[in-house]
2 protein chains.
Amino acid sequence: MKKREYNCGLDAAVDVVGGKWKALILWALHAAPRRFGDLHRNVQGISEKMLIQQLREMESYGLVHREVYHQVPPKVEYSLTEFGVSLNTALIPLGEWGERHRATIEAIPRD
Amino acid sequence: MKKREYNCGLDAAVDVVGGKWKALILWALHAAPRRFGDLHRNVQGISEKMLIQQLREMESYGLVHREVYHQVPPKVEYSLTEFGVSLNTALIPLGEWGERHRATIEAIPRD
DNA sequence: TCAGGTACTTACCTTAATCTCAGTATCGGA
DNA sequence: TCCGATACTGAGATTAAGGTAAGTACCTGA
């Protein structure tokens with residue numbers, strides 16, 4: 001996130017959820033809390049570094065809660081806060097749109 | 001857009017609408033077709049180069065229609081296609097979420 | 001003592017996104 | 001002939017995002 005002032009709500013929302021991974025991570029957390037390794041397996045293609053970086057950012061935004069269990073080997077669970085749930089809910093129609101038009105989107109030529 | 005294959009609909013949608021400007025341009029077009037200069041004035045902070053670049057991209061995705069009027073000085077109008085309208089509609093809840101939590105989002109510390 | 005499992009952390013590098021700023025094309029009218 | 005209006009276009013630089021690979025820390029149980 002770069003800006004502090006926005007022209008409209010969508011501007012602000014895209015700034016929060018933009019980037020390659022945030023929406024996917026949010027999505028992966030929608031059903032239940034997940035451990036770090038679990039998320040790593042679930043969000044395909046993400047590196048450990050990126051995963052943590054994004055989780056930390058979202059934690060600082062108040063979207064995600066981080067729960068540490070003091071065990072060895074360590075266990076850390078991530079879950080959505082209420083704020084995170086509300087964002088996830090707002091993303092549902094966009095996800096459905098993407099699902100509905102997936103073939104079209106994948107067929108768009110790029111170079 | 002970089003990818004050709006997605007894990008879920010949201011993944012695809014974020015790839016389409018991601019970046020700093022696309023959602024805002026889409027939004028600016030929701031009410032009516034607009035001329036280039038009009039858009040430029042309406043999407044605050046965007047440079048001419050970025051505006052065209054994004055419009056062309058969205059045109060190639062089939063989201064935006066470009067209508068040229070052969071006049072001097074030139075007149076070009078951009079409007080949403082049906083596909084663009086459907087995406088815009090899917091973005092409404094996200095826009096509302098951003099509006100509702102705008103103050104919270106603006107208050108997030110960044111560095 | 002030492003390997004194993006989990007969750008990070010760090011340094012460094014590559015690529016992609018965005019910005020700045022100057023320039024082009026067209027034609028009607030002063 | 002030259003200016004103004006509009007819609008671009010391009011070079012070059014800067015900034016941000018993302019990736020790779022190796023290393024750390026902890027305790028447990030063999």
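In what follows, chains carry the letters A, B, and so on, assigned in the order in which the sequence lines appear, proteins first and then strands, with residues in each chain numbered from 1.
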Checklist entry - Of the nucleotides C:dC8, C:dT6, C:dC19, which one has an atom closest to the side chain of B:Trp21? => result C:dC19
Item to check | Atom pair distance, as rounded to whole Å: CD in B:Gln71 and C1' in D:dC8 | outcome: 16 Å
Checklist entry - Is B:Ile108 reachable from A:Val17 through a run of hydrophobic residues whose side-chain heavy atoms are each under 4.5 Å from the next? => result yes
Next on the checklist: Measuring from the side chain of A:Arg56 (C-beta onward, heavy atoms only), which nucleotide among C:dT9, D:dC8, D:dT20 has the closest atom?
Outcome noted: C:dT9
Checklist entry - Between atom CG in A:Asn42 and atom P in C:dA7, what is the gap in whole Å? => result 14 Å
Item to check | Gap between atoms NZ and C1', on B:Lys75 and C:dC27 respectively (whole Å) | outcome: 17 Å
Item to check | Check: B:His65 ring centroid to B:Tyr78 ring centroid under 6.0 Å | outcome: no
Checklist entry - Any side-chain heavy atom of A:Arg56 sitting closer than 4.5 Å to one from A:Gln54? => result no
Checklist entry - Distance check: side-chain N/O of B:Lys20 vs OP1/OP2 of C:dC19, anything under 4.0 Å? => result yes
Checklist outcome for this item: DNA chain D nearest-nucleotide lookup for B:Lys49 and B:Arg41: closer to the 5′ end is B:Arg41
Checklist entry - What nucleotide, of C:dT26, D:dT9, D:dG18, holds the atom closest to the side chain of B:Glu48? => result D:dT9
Checklist entry - Quick one: which of D:dT6, D:dT9, D:dG18 gets closest to the side chain of B:Arg35? => result D:dT6
Checklist entry - With the threshold set at 4.0 Å, does a side-chain nitrogen-carboxylate oxygen contact exist between A:Lys22 and A:Glu57? => result yes
Checklist entry - On DNA chain C, nearest-nucleotide positions of A:Val68 versus B:Val72: which is more 5'? => result A:Val68
Next on the checklist: For a quick test of reading the model: is some side-chain N or O of B:Arg66 closer than 4.0 Å to OP1 or OP2 of D:dC8?
Outcome noted: yes
Checklist entry - Looking at D:dC8, C:dT18, D:dT6, which one has an atom nearest to any side-chain atom of B:Met50? => result C:dT18
Next on the checklist: Please compare A:Pro73 and A:Ile46 by the position of their nearest nucleotide in DNA chain D and report the one closer to 5'.
Outcome noted: A:Ile46
Checklist entry - Between A:Tyr69 and D:dC26, does any side-chain N or O lie under 4.0 Å from OP1 or OP2? => result no
